[in-house]
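Here is the structure we will look at, set down as C-alpha coordinates.
In what follows, chains carry the letters A, B, and so on, assigned in the order in which the sequence lines appear, proteins first and then strands, with residues in each chain numbered from 1.
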There are 2 protein chains.
Amino acid sequence: MESKVAVTTLAALAQETRLSIFRLLVTAGPEGLAVGRIGEALGVAPATLSFHLKELAHAGLVGTRQEGRFIYYSANYAAMNELLSFLTENCCNGAPCSIPAAAGCCDGACN
Amino acid sequence: MESKVAVTTLAALAQETRLSIFRLLVTAGPEGLAVGRIGEALGVAPATLSFHLKELAHAGLVGTRQEGRFIYYSANYAAMNELLSFLTENCCNGAPCSIPAAAGCCDGACN
DNA sequence: TCCATATTTCCATTTTTATGGAAATATGGA
DNA sequence: TCCATATTTCCATAAAAATGGAAATATGGA
(Lines give C-alpha, C1' and ligand atoms only; values in the text may rest on other atoms or scores of the structure.)
Protein backbone atom coordinates (compact mmCIF):
# COMPACT_ATOMS: atom_id res chain seq x y z
CA MET A 1 0.00 0.00 0.00
CA GLU A 2 1.25 3.41 -0.95
CA SER A 3 1.41 6.29 1.49
CA LYS A 4 -1.16 8.38 -0.37
CA VAL A 5 -3.59 5.52 -0.45
CA ALA A 6 -3.10 5.03 3.27
CA VAL A 7 -3.82 8.70 3.89
CA THR A 8 -7.01 8.47 1.85
CA THR A 9 -8.11 5.37 3.72
CA LEU A 10 -7.27 6.84 7.12
CA ALA A 11 -9.03 10.09 6.23
CA ALA A 12 -12.12 8.15 5.28
CA LEU A 13 -12.21 6.59 8.73
CA ALA A 14 -11.18 9.75 10.59
CA GLN A 15 -14.69 11.14 10.84
CA GLU A 16 -17.40 10.27 13.37
CA THR A 17 -20.16 9.65 10.87
CA ARG A 18 -18.02 7.61 8.49
CA LEU A 19 -16.42 5.57 11.25
CA SER A 20 -19.92 4.79 12.55
CA ILE A 21 -21.07 3.80 9.08
CA PHE A 22 -18.06 1.58 8.55
CA ARG A 23 -18.35 -0.10 11.90
CA LEU A 24 -22.05 -0.65 11.34
CA LEU A 25 -21.27 -2.31 8.02
CA VAL A 26 -18.52 -4.39 9.58
CA THR A 27 -20.94 -5.81 12.10
CA ALA A 28 -23.67 -6.14 9.48
CA GLY A 29 -21.56 -8.65 7.60
CA PRO A 30 -20.79 -9.21 3.91
CA GLU A 31 -24.41 -8.82 2.78
CA GLY A 32 -24.32 -5.20 3.92
CA LEU A 33 -27.17 -2.76 4.45
CA ALA A 34 -29.33 -0.58 2.21
CA VAL A 35 -28.63 3.15 2.36
CA GLY A 36 -31.98 3.89 3.99
CA ARG A 37 -31.27 1.39 6.74
CA ILE A 38 -27.94 2.99 7.48
CA GLY A 39 -29.55 6.42 7.62
CA GLU A 40 -32.21 5.16 10.01
CA ALA A 41 -29.69 3.45 12.24
CA LEU A 42 -27.40 6.45 12.52
CA GLY A 43 -29.81 9.36 12.08
CA VAL A 44 -28.00 10.93 9.16
CA ALA A 45 -29.69 13.04 6.46
CA PRO A 46 -29.83 11.50 2.97
CA ALA A 47 -27.52 13.99 1.26
CA THR A 48 -25.01 13.80 4.07
CA LEU A 49 -25.14 10.03 4.10
CA SER A 50 -24.66 9.83 0.36
CA PHE A 51 -21.65 12.11 0.64
CA HIS A 52 -20.00 9.98 3.29
CA LEU A 53 -20.78 6.71 1.56
CA LYS A 54 -19.11 8.03 -1.55
CA GLU A 55 -16.07 8.95 0.49
CA LEU A 56 -15.87 5.47 1.94
CA ALA A 57 -16.38 3.91 -1.47
CA HIS A 58 -13.75 6.16 -3.02
CA ALA A 59 -11.33 5.01 -0.36
CA GLY A 60 -12.20 1.44 -1.21
CA LEU A 61 -13.43 0.68 2.27
CA VAL A 62 -16.93 -0.28 1.16
CA GLY A 63 -18.48 -1.92 -1.85
CA THR A 64 -21.96 -1.66 -3.35
CA ARG A 65 -24.52 -4.04 -4.74
CA GLN A 66 -27.84 -3.12 -6.25
CA GLU A 67 -30.93 -5.11 -5.37
CA GLY A 68 -34.14 -3.76 -6.82
CA ARG A 69 -34.24 -0.08 -5.99
CA PHE A 70 -32.11 -0.59 -2.94
CA ILE A 71 -28.37 -0.19 -2.96
CA TYR A 72 -26.53 -2.26 -0.42
CA TYR A 73 -23.24 -1.07 0.98
CA SER A 74 -20.91 -3.54 2.63
CA ALA A 75 -17.54 -3.39 4.33
CA ASN A 76 -14.45 -4.34 2.36
CA TYR A 77 -12.55 -6.40 4.88
CA ALA A 78 -9.60 -6.91 2.58
CA ALA A 79 -9.04 -3.15 2.28
CA MET A 80 -9.17 -2.90 6.05
CA ASN A 81 -6.53 -5.60 6.36
CA GLU A 82 -4.25 -3.84 3.91
CA LEU A 83 -4.42 -0.69 5.99
CA LEU A 84 -3.60 -2.60 9.16
CA SER A 85 -0.62 -4.19 7.48
CA PHE A 86 0.61 -0.84 6.25
CA LEU A 87 0.40 0.68 9.71
CA THR A 88 2.33 -2.13 11.30
CA GLU A 89 4.97 -2.58 8.63
CA ASN A 90 8.43 -1.21 9.39
CA CYS A 91 7.44 -1.33 13.03
CA CYS A 92 10.49 -1.23 15.27
CA ASN A 93 12.65 -1.56 12.21
CA GLY A 94 15.12 -4.32 12.89
CA ALA A 95 15.98 -4.55 16.56
CA PRO A 96 15.05 -4.83 19.34
CA CYS A 97 11.41 -5.82 18.72
CA SER A 98 10.81 -8.80 16.46
CA ILE A 99 7.20 -9.64 17.05
CA PRO A 100 5.29 -10.56 13.88
CA ALA A 101 3.54 -7.53 12.40
CA ALA A 102 0.21 -9.32 12.48
CA ALA A 103 0.30 -9.30 16.26
CA GLY A 104 0.30 -5.50 16.26
CA CYS A 105 3.11 -3.02 16.48
CA CYS A 106 5.69 -4.46 18.88
CA ASP A 107 2.79 -5.50 21.08
CA GLY A 108 3.54 -2.42 23.14
CA ALA A 109 6.89 -3.78 24.16
CA CYS A 110 8.94 -0.91 22.76
CA ASN A 111 8.18 1.77 25.27
CA MET B 1 -10.89 2.75 23.03
CA GLU B 2 -13.75 5.13 22.50
CA SER B 3 -15.01 6.13 19.08
CA LYS B 4 -14.04 9.78 19.49
CA VAL B 5 -10.53 8.86 20.53
CA ALA B 6 -10.27 6.61 17.50
CA VAL B 7 -11.37 9.45 15.24
CA THR B 8 -8.75 11.74 16.75
CA THR B 9 -6.06 9.13 16.31
CA LEU B 10 -7.08 8.33 12.76
CA ALA B 11 -7.26 12.03 11.89
CA ALA B 12 -3.76 12.51 13.23
CA LEU B 13 -2.49 9.85 10.83
CA ALA B 14 -4.70 10.89 7.91
CA GLN B 15 -2.33 13.54 6.64
CA GLU B 16 0.74 13.11 4.44
CA THR B 17 3.12 15.12 6.59
CA ARG B 18 1.98 13.59 9.86
CA LEU B 19 1.95 10.06 8.53
CA SER B 20 5.50 10.62 7.29
CA ILE B 21 6.56 11.96 10.66
CA PHE B 22 5.00 9.07 12.49
CA ARG B 23 6.49 6.45 10.23
CA LEU B 24 9.87 8.12 10.49
CA LEU B 25 9.61 7.94 14.27
CA VAL B 26 8.45 4.34 14.15
CA THR B 27 11.57 3.37 12.24
CA ALA B 28 13.74 5.63 14.40
CA GLY B 29 12.92 3.52 17.43
CA PRO B 30 12.08 4.37 21.05
CA GLU B 31 14.86 6.94 21.44
CA GLY B 32 13.15 9.11 18.82
CA LEU B 33 14.45 12.13 16.91
CA ALA B 34 14.95 15.82 17.68
CA VAL B 35 12.53 18.21 15.97
CA GLY B 36 15.26 19.67 13.79
CA ARG B 37 16.23 16.25 12.53
CA ILE B 38 12.66 15.47 11.59
CA GLY B 39 12.39 18.76 9.76
CA GLU B 40 15.58 18.08 7.84
CA ALA B 41 14.56 14.55 6.95
CA LEU B 42 11.16 15.56 5.65
CA GLY B 43 11.74 19.11 4.44
CA VAL B 44 9.03 20.70 6.54
CA ALA B 45 9.10 24.31 7.80
CA PRO B 46 9.53 24.76 11.57
CA ALA B 47 6.10 26.25 12.25
CA THR B 48 4.39 23.61 10.16
CA LEU B 49 6.37 20.84 11.81
CA SER B 50 5.59 22.11 15.28
CA PHE B 51 1.91 22.23 14.39
CA HIS B 52 1.87 18.64 13.20
CA LEU B 53 3.94 17.34 16.08
CA LYS B 54 1.47 18.88 18.46
CA GLU B 55 -1.36 17.18 16.62
CA LEU B 56 0.37 13.82 16.91
CA ALA B 57 1.15 14.41 20.57
CA HIS B 58 -2.41 15.50 21.27
CA ALA B 59 -3.61 12.26 19.71
CA GLY B 60 -1.20 10.37 21.96
CA LEU B 61 0.67 8.88 19.02
CA VAL B 62 4.01 10.37 20.00
CA GLY B 63 5.77 11.26 23.23
CA THR B 64 8.45 13.81 24.01
CA ARG B 65 11.64 13.92 25.99
CA GLN B 66 13.86 16.91 26.54
CA GLU B 67 17.59 16.60 26.24
CA GLY B 68 19.52 19.82 26.50
CA ARG B 69 17.90 22.25 24.15
CA PHE B 70 16.70 19.46 21.92
CA ILE B 71 13.28 17.92 22.22
CA TYR B 72 13.06 14.34 21.10
CA TYR B 73 9.83 13.00 19.73
CA SER B 74 9.23 9.25 19.67
CA ALA B 75 6.46 6.95 18.50
CA ASN B 76 4.02 5.59 21.04
CA TYR B 77 3.71 1.99 19.94
CA ALA B 78 1.11 1.16 22.57
CA ALA B 79 -1.25 3.84 21.24
CA MET B 80 -0.80 2.42 17.78
CA ASN B 81 -1.69 -1.03 19.02
CA GLU B 82 -4.84 0.25 20.69
CA LEU B 83 -5.98 1.78 17.45
CA LEU B 84 -5.37 -1.46 15.57
CA SER B 85 -7.35 -3.38 18.15
CA PHE B 86 -10.20 -0.92 17.91
CA LEU B 87 -10.35 -1.20 14.15
CA THR B 88 -10.45 -4.98 14.20
CA GLU B 89 -12.83 -5.43 17.13
CA ASN B 90 -16.39 -6.45 16.27
CA CYS B 91 -15.01 -7.66 12.98
CA CYS B 92 -17.46 -10.03 11.31
CA ASN B 93 -19.53 -10.01 14.44
CA GLY B 94 -20.23 -13.63 15.39
CA ALA B 95 -20.45 -15.81 12.33
CA PRO B 96 -19.17 -16.80 9.88
CA CYS B 97 -15.63 -15.52 10.42
CA SER B 98 -13.90 -16.49 13.65
CA ILE B 99 -10.29 -15.60 13.04
CA PRO B 100 -8.54 -13.93 16.01
CA ALA B 101 -8.69 -10.13 15.75
CA ALA B 102 -4.91 -9.88 16.04
CA ALA B 103 -4.58 -11.62 12.70
CA GLY B 104 -6.42 -8.75 11.04
CA CYS B 105 -10.04 -8.36 10.14
CA CYS B 106 -11.29 -11.75 8.95
CA ASP B 107 -8.06 -12.13 7.06
CA GLY B 108 -9.96 -11.04 3.96
CA ALA B 109 -12.06 -14.18 4.08
CA CYS B 110 -15.43 -12.40 4.31
CA ASN B 111 -15.76 -11.07 0.81
C1' DT C 1 25.31 38.54 31.17
C1' DC C 2 25.20 37.97 26.24
C1' DC C 3 24.90 35.12 22.28
C1' DA C 4 23.64 31.27 19.28
C1' DT C 5 20.46 27.94 18.37
C1' DA C 6 16.14 24.92 19.15
C1' DT C 7 11.44 25.03 19.31
C1' DT C 8 7.03 27.06 19.81
C1' DT C 9 3.37 30.60 19.45
C1' DC C 10 0.88 34.10 16.97
C1' DC C 11 -1.38 35.40 13.02
C1' DA C 12 -3.31 35.77 8.42
C1' DT C 13 -4.31 33.24 4.43
C1' DT C 14 -5.66 29.45 1.69
C1' DT C 15 -7.58 25.03 1.14
C1' DT C 16 -10.35 21.24 2.37
C1' DT C 17 -14.24 19.09 4.61
C1' DA C 18 -18.99 18.64 6.41
C1' DT C 19 -23.84 19.69 6.21
C1' DG C 20 -28.51 19.49 4.45
C1' DG C 21 -32.43 21.57 1.48
C1' DA C 22 -34.20 21.08 -2.95
C1' DA C 23 -34.21 19.12 -7.29
C1' DA C 24 -32.86 15.33 -10.33
C1' DT C 25 -32.46 10.46 -11.38
C1' DA C 26 -33.51 5.49 -11.05
C1' DT C 27 -36.29 1.50 -10.10
C1' DG C 28 -40.27 -1.39 -9.55
C1' DG C 29 -45.20 -1.76 -8.98
C1' DA C 30 -50.05 -0.57 -10.18
C1' DT D 1 -47.96 5.31 -18.37
C1' DC D 2 -48.13 7.17 -13.77
C1' DC D 3 -46.89 6.93 -9.03
C1' DA D 4 -44.26 6.01 -4.86
C1' DT D 5 -39.98 5.49 -3.01
C1' DA D 6 -34.68 4.98 -2.94
C1' DT D 7 -30.66 7.29 -3.76
C1' DT D 8 -27.77 10.77 -5.67
C1' DT D 9 -26.43 15.34 -7.42
C1' DC D 10 -26.38 20.30 -7.15
C1' DC D 11 -25.65 24.11 -4.52
C1' DA D 12 -24.66 27.36 -0.89
C1' DT D 13 -23.01 27.77 3.59
C1' DA D 14 -20.43 26.85 7.65
C1' DA D 15 -16.63 24.81 9.97
C1' DA D 16 -12.11 22.81 10.32
C1' DA D 17 -7.41 21.97 8.82
C1' DA D 18 -2.87 23.19 6.69
C1' DT D 19 0.74 26.46 5.70
C1' DG D 20 4.64 29.44 6.77
C1' DG D 21 6.60 34.24 8.01
C1' DA D 22 7.76 36.74 11.93
C1' DA D 23 8.19 37.20 16.68
C1' DA D 24 8.54 35.05 21.21
C1' DT D 25 10.42 31.73 24.41
C1' DA D 26 13.80 28.36 26.25
C1' DT D 27 18.23 26.31 26.88
C1' DG D 28 23.16 25.84 27.24
C1' DG D 29 27.67 27.72 26.35
C1' DA D 30 31.13 31.53 26.28
Heavy atoms under 4.0 Å is the rule here; annotate nucleotides 19-24 of chain C 5' to 3' with B where the base is hit, S where only the sugar-phosphate is, and - elsewhere. BBB---
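- What separates CD of E16(B) from C1' of dT16(C) is a distance of 15 Å, to the nearest Å.
- Mapping R18(A) and P46(B) onto DNA chain C by nearest heavy atom places P46(B) closer to the 5' end of the strand.
- Residue contacts shown for A11(A) are absent, as no nucleic acid heavy atom lies under 4.0 Å away.
- For the pair R23(B) and F86(A), the cation-pi criterion (under 6.0 Å, within 45° of the ring axis) is fulfilled.
- When the P atom of dT19(D) is taken as reference, atom CG of L53(B) falls 13 Å away, rounded to whole Å.
- Nearest-nucleotide positions on DNA chain C for Y73(B) and E55(A) put Y73(B) closer to the 5' end.
- Distances shown here put every side-chain N or O of K54(A) at or beyond 4.0 Å from the OP1 or OP2 atom of dT7(D).
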Show the numbers, then the answer: is there a side chain to side chain contact (heavy atoms under 4.5 Å, CB included) between E2(A) and V5(A)? CA-CA 5 Å; E2(A) 199 192 341; V5(A) 175; 4.1 Å; yes
Pairs under 3.5 Å (Watson-Crick or G-U), crossing ones as [ ], inter-strand ones as |: DNA chain D comes out as ||||||||||||||||||||||||||||||
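- Summarising the geometry, the separation between CG on L56(B) and C1' on dA18(D) is reported as 14 Å, rounded to the nearest angstrom.
- Take R69(A) and apply the side chain to side chain contact (heavy atoms under 4.5 Å, CB included) test, not counting sequence neighbours, and it matches no residue.
- Rounded to an integer number of Å, the gap from CD1 of I21(B) to C1' of dA18(D) is 12 Å.
- If you chain together hydrophobic residues whose side chains sit under 4.5 Å apart, V26(B) and Y72(B) never meet in one group.
- Near DNA chain C, defined here as any heavy-atom distance below 4.0 Å, the residues from residues 59-72 of chain B are R69(B), F70(B), I71(B), listed numerically.
- Under the 4.5 Å side-chain heavy-atom criterion for ILVMFWY residues, a single connected hydrophobic cluster contains both V35(A) and L33(A).
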Checking R37(A) against E40(A) for the side chain to side chain contact (heavy atoms under 4.5 Å, CB included) test, could you report, in this order, the C-alpha distance in whole Å, the side-chain angles of both residues, the deciding distance, and whether it holds? CA-CA 5 Å; R37(A) 281 303 192 86; E40(A) 278 173 30; 3.9 Å; yes
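- With hydrophobic clusters built from ILVMFWY side chains whose heavy atoms lie under 4.5 angstrom apart, F70(A) does not share a cluster with L56(A).
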Output side-chain donor-acceptor pairs under 3.5 Å for residues 10-17 of chain B, partner residues at least two apart or in another chain, one line each.
from, atom 1, to, atom 2, distance (Å)
Q15(B), OE1, T17(B), N, 2.9
Q15(B), OE1, R18(B), N, 3.1

Under 3.5 Å, which donor-acceptor pairs do the side chains of residues 59-66 of chain B form with other protein atoms, sequence neighbours left out?
from, atom 1, to, atom 2, distance (Å)
R65(B), NH1, E67(B), OE1, 2.4
R65(B), NH2, E31(B), O, 2.3
Q66(B), NE2, G68(B), O, 3.2

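- No side-chain donor-acceptor contact under 3.5 Å links S50(B) to the backbone of P46(B).
- When the side chains of ILVMFWY residues are joined at heavy-atom separations under 4.5 Å, either directly or via intervening members, F51(A) and L42(A) end up in two distinct hydrophobic clusters.
- R37(A) comes within 4.0 angstrom of no nucleic acid atom, judged by non-hydrogen atoms across all strands.
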